[in-house]
Undergrad: 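To start, I am sharing the structure in question, which I have written as structure tokens.
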Amino acid sequence: MSTERDEIAVVGAGLAGCLLACFLARRGYRVALYERRPDPRTGRVERGRSINLALSERGLDALRRIGLDTQVMGDALPMRGRMIHPVAGQPQFQSYSASGDRAINSISRGALNNALLDAATALPGVRIAFDHRLVGLDPATGGMTFETPQGKVTATAPVVLGADGAGSAVRGQLLAHGLLTESLDFLDYGYKELTIPPLGGDFALDPDALHIWPRGTSMMIALPNPDRSFTCTLFWPTHGTAAFASLGSPAAIERHFAEHYPDLVPLAPNLVDDYQHNPVGVLGTVRCTPWQANGTVGLVGDAAHAIVPFYGQGANCAFEDVVELDRCLDESDDDWTVALPLFQRRRQDNVEAIARMALTNFVEMRDKVASPLFQLGRRVEHALERTLPGRYVSRYELVSFSTTPYAEVVRRVRRQHQVLGAVAAGAAALLAGAAGAVLSRGRRR
Ligand SMILES: Cc1cc2nc3c(=O)[nH]c(=O)nc-3n(C[C@H](O)[C@H](O)[C@H](O)COP(=O)(O)OP(=O)(O)OC[C@H]3O[C@@H](n4cnc5c(N)ncnc54)[C@H](O)[C@@H]3O)c2cc1C
């Protein structure tokens with residue numbers, strides 16, 4: 001493409017912001033990308049902040065469209081199922097797909113962000129201003145104020161897009177101007193990252209799986225990293241007697257993990273240090289409406305709709321947003337006043353659907369995955385998928401291995417369950433009828 005267009009401002013050079021800059025530059029826009037942090041490619045890493053993430057089909061689909069999938073997947077570690085760690089006994093593997101060969105991919109968040117930054121800066125028309133924290137926005141004029149190490153600076157753009165994450169300053173400015181309403185539902189749970197280093201130069205656990213330690217009211221997961229370490233994320237209540245703060249000394253930390261995560265202890269020599277020094281992150285669902293004002297200020301990704309991480313879909317969903325916004329611009333001949341409202345109409349039900357599925361999946365991961373009934377259910381599901389290929393597809397497959405809109409996933413799974421329920425009821429009635437006939441024959445004899 002394309003003719004040169006106005007300079008669009010994208011606030012936030014995280015995952016969604018960088019991808020959005022790439023898509024906009026492909027459309028011929030000049031893009032100014034403003035990021036509050038310094039350039040992450042210079043090497044400074046924040047301690048204990050979600051080091052890796054699970055990338056699945058929706059995210060890959062977006063990366064494919066800008067030719068970045070092969071590079072990103074170069075370092076990916078495919079995880080074909082869950083490895084469930086009981087308190088006592090051997091871990092058990094549960095495949096994600098009926099065929100056993102479909103995988104979600106553990107990738108480094110930093111490497112993905114850097115690859116996207118490189119891709120954005122390589123495109124003509126994209127410039128990135130690091131160390132620029134948005135602190136003011138006039139939605140009527142597109143006037144922005146940033147705090148920088150040199151003091152305050154201002155800039156103006158005809159269209160300002162907020163890709164500045166769950167705590168979005170752009171959303172905050174729209175709220176302050178009375179242009180949107182928001183609701184923030186924080187979980188009573190937080191998360192803390194811990195590390196399992198390589199053991200004798202190799203992975204200390206099976207790298208083909210996402211590891212889960214389900215413990216009812218708490219849970220830990222671990223994803224493999226390319227350097228053969230694992231990053232564990234411990235999810236635990238933030239308040240109460242069984243909560244992060246309840247482990248106040250190295251001895252208490254060691255005792256707790258020895259009791260609840262005994263197989264982790266010998267693999268995590270820095271457990272106490274990690275526990276004491278890594279921050280507790282907050283978890284929650286952000287909802288707001290509208291996602292745009294005047295057709296000139298818009299929100300994408302977590303800024304519009306942050307979700308809890310239990311389906312591994314937040315970034316995947318943010319990437320899908322970018323693909324949909326690009327489609328809306330196509331369909332509206334780049335009329336932002338049409339494209340931005342259309343984008344919200346197309347996405348809002350879908351992000352609400354994944355927000356709810358992510359919350360439900362927390363209960364499944366921390367509580368149900370270890371139960372024999374749940375495991376039987378998964379085996380039945382996989383058997384159905386093999387018997388009725390393409391006609392019965394599990395929720396997990398539809399969410400993680402397809403781009404079926406999230407709201408359609410919910411509707412389809414409901415339909416499948418209704419049909420199965422009817423078949424099971426019919427079979428039960430037939431069996432009951434047959435049993436009744438046999439019994440009454442027996443009585444007549
Ligand atoms: C523990 C945890 C695990 C997760 N695991 C997964 C997973 O496995 N798979 C998955 O798909 N998703 C996962 N997610 C969700 C995923 O991290 C987010 O959905 C994703 O990062 C959203 O991307 P974003 O670009 O919208 O926001 P962010 O990645 O938060 O990027 C926002 C950017 O804006 C910048 N910024 C913020 N404020 C300002 C400002 N005022 N001015 C300028 N710049 C600003 C920030 O510095 C940042 O660079 C997880 C989240 C958590 C918390």
Side-chain angles (χ1 to χ4, degrees), residues 7-47 49-55 58-76 105-134 144 146-149 153 155 157 159-170 225-227 231 298-303 306 314-323 325-326:
E7 188 178 70
I8 306 292
V10 176
V11 181
L15 301 180
C18 291
L19 184 74
L20 182 56
C22 293
F23 271 74
L24 292 177
R26 281 197 332 170
R27 302 189 72 79
Y29 289 101
R30 289 178 300 120
V31 181
L33 197 46
Y34 297 100
E35 169 56 47
R36 72 174 171 192
R37 295 171 306 170
D39 189 341
R41 293 167 297 181
T42 55
R44 256 183 31 199
V45 179
E46 272 181 276
R47 185 173 177 144
R49 283 274 170 229
S50 182
I51 285 165
N52 49 26
L53 52 78
L55 184 69
R58 292 164 203 269
L60 279 170
D61 172 63
L63 293 173
R64 242 176 248 131
R65 291 167 192 258
I66 55 162
L68 214 58
D69 54 315
T70 310
Q71 181 190 335
V72 169
M73 286 299 283
D75 274 338
N105 305 285
S106 176
I107 54 158
S108 151
R109 174 188 290 273
L112 175 62
N113 208 154
N114 291 352
L116 283 164
L117 278 169
D118 285 343
T121 36
L123 289 166
V126 178
R127 66 182 176 91
I128 308 187
F130 291 104
D131 289 310
H132 275 58
R133 174 193 290 269
L134 183 108
M144 296 165 283
F146 298 95
E147 265 171 12
T148 77
V153 298
V159 175
V160 178
L161 300 171
D164 49 346
S168 171
V170 174
N225 297 312
D227 68 358
T231 302
L299 300 170
V300 297
D302 275 16
N316 287 284
C317 176
F319 281 1
E320 222 181 27
D321 272 5
V322 174
V323 173
L325 181 55
D326 189 53

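Basis for what follows: all heavy atoms, side chains included, without hydrogens, waters or symmetry-related copies. All values derive from a computational prediction rather than experimental measurement.
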Undergrad: Find out whether Q71 and L68 are in side-chain contact, i.e. whether some heavy atom of one side chain is under 4.5 Å from a heavy atom of the other.
TA: yes
Undergrad: Measuring only between side-chain heavy atoms, which start at C-beta, is D75 closer than 4.5 Å to S108?
TA: no
Undergrad: Nearest 0.5 angstrom please: D131 CG to R37 CZ, how far?
TA: 10.5 Å
Undergrad: V322: which residues meet the side-chain contact (heavy atoms from CB on, under 4.5 Å) condition with it, sequence neighbours left out?
TA: L19, L20, F23
Undergrad: How about D326 and R65: do any of their side-chain heavy atoms sit closer than 4.5 Å?
TA: no
Undergrad: Backbone N or O of D164 within a donor-acceptor pair of the S168 side chain at under 3.5 Å?
TA: no
Undergrad: Would you say that T121 contacts L33 through its side chain, given a criterion of any heavy-atom pair below 4.5 Å between the two side chains?
TA: no
Undergrad: Measure from the side-chain N and O atoms of N52 to the backbone N and O of S106, and report whether any donor-acceptor pair falls under 3.5 Å.
TA: no
Undergrad: Measure the spacing between CG of L112 and CD1 of I107 and express it to the nearest 0.5 Å.
TA: 4.0 Å
Undergrad: Could you tell me whether a side-chain N or O of D39 sits under 3.5 Å from a main-chain N or O of R41, the two making a donor and an acceptor?
TA: yes
Undergrad: Does any non-hydrogen side-chain atom of C22 lie less than 4.5 Å from one of L123?
TA: yes
Undergrad: For the side chain of D69 and the backbone of L60, is there at least one donor-acceptor N/O pair under 3.5 Å apart?
TA: no
Undergrad: What pairs with F130 under ring pair (Phe, Tyr, Trp, His ring centres under 6.0 Å), at least two apart in sequence or on another chain?
TA: none
Undergrad: Donor-acceptor pair, distance only, cut-off 3.5 Å: does the side chain of N105 make one with the backbone of M73?
TA: no
